Amino acid sequence: SYPKYLGGDPKQLTTTMPADQHKQLHKDMNDYMYNQRNADGQHMRPQRGNDKFKIKKNFNSTQRENALKGFYKGPGAKYKSAAKDFFKQIK
């Protein structure tokens, strides 16, 4: 629910969902995070050359959490259990 690469707890409980839905959630989140950019044009999508260390260097924790809030309130809202779990974690 709260990806480790964006600052989620490595020991968090994960949301149970079918494999195909999990795969689609990652695709949707990656697409969304690619469009989350800083003033220098760097994005939050994890990929070769843009690993979790670089993302954490380029975006502070508030920016990363706000991006996840935007995802789960927008295109990620269709993943109801994952969205619910995410918002429970950030209380």
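Sequential numbering from 1 along the given sequence is applied to the chain's residues. A quick note: this is a predicted structure, and the numbers were derived from the prediction, not measured.
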**Item:** Closest approach of Asp85 to Ser1 (non-hydrogen atoms, all atoms of both residues)
**Value:** CB-OG, 3.1 Å

**Request:** Using a 4.5 Å cut-off on heavy atoms from C-beta on, say whether the side chain of Met17 contacts that of Ser81.
**Result:** no

**Complete:** Met33 and Leu68 have their tightest heavy-atom pair at CE-CD2, 3.6 Å

**Asked** Are side-chain heavy atoms of Gln12 and Gln89 found at a separation under 4.5 Å?
**Response** yes

**Item:** Beyond-backbone contact of Asn30 with Lys27, side-chain heavy atoms, under 4.5 angstrom
**Value:** no

**Prompt:** Is Lys54 reaching over with its side chain to a backbone N or O of Gly49, donor-acceptor style, under 3.5 angstrom?
**Reply:** yes

**Prompt:** Is the closest side-chain heavy-atom distance between His22 and Tyr79 below 4.5 Å?
**Reply:** no

**Message:** I need the minimum non-hydrogen distance between Arg64 and Leu6, along with the two atoms involved.
**Reply:** NE-O, 2.8 Å

**Message:** The criterion is ring-ring contact (aromatic ring centres under 6.0 Å, His included); which residues satisfy it with Tyr2, sequence neighbours excluded?
**Reply:** Phe86

**Fill in**
Shortest non-hydrogen pair, Ile90 vs Lys69, comes out as CD1-CE, 3.5 Å

**Message:** Would the distance check show the side chain of Glu65 and the main-chain N or O of Thr62 forming a donor-acceptor pair, the cut-off being under 3.5 Å?
**Reply:** no

**Asn35 side-chain N/O to Asp31 backbone N/O, donor-acceptor pair under 3.5 Å** = yes

**Item:** Interatomic spacing from CZ in Arg45 to CD in Gln36 - rounded to 0.5 Å
**Value:** 13.0 Å

**Item:** salt bridge (Lys or Arg N to Asp or Glu O under 4.0 Å) involving Lys80 - partner list, sequence neighbours excluded
**Value:** none

**Request:** Quick one: closest heavy-atom pair of Gly76 and Ala83, and the distance?
**Result:** O-CB, 4.3 Å

**Minimum heavy-atom distance Asn58-Asn38, with the two atoms named** = O-ND2, 3.5 Å

**Asked** What residues form a salt bridge (Lys or Arg N to Asp or Glu O under 4.0 Å) with Lys56, not counting sequence neighbours?
**Response** none

**Request:** Dump the intermediate steps for side-chain contact (heavy atoms from CB on, under 4.5 Å) on Ile55 and Tyr5, then the final yes or no.
**Result:** CA-CA 8 Å; Ile55 292 168; Tyr5 81 91; 3.7 Å; yes

**Request:** Say whether Tyr34 and Leu25 are linked into one hydrophobic cluster, either directly or through other cluster members, by side-chain heavy-atom distances under 4.5 angstrom.
**Result:** no

**Asked** Does Lys78 come within less than 4.0 Å of Asp28, counting only side-chain N to carboxylate O?
**Response** yes

**Asked** Under the 3.5 angstrom rule, does the side chain of Arg37 hit a backbone N or O of Gln42 as a donor-acceptor pair?
**Response** no

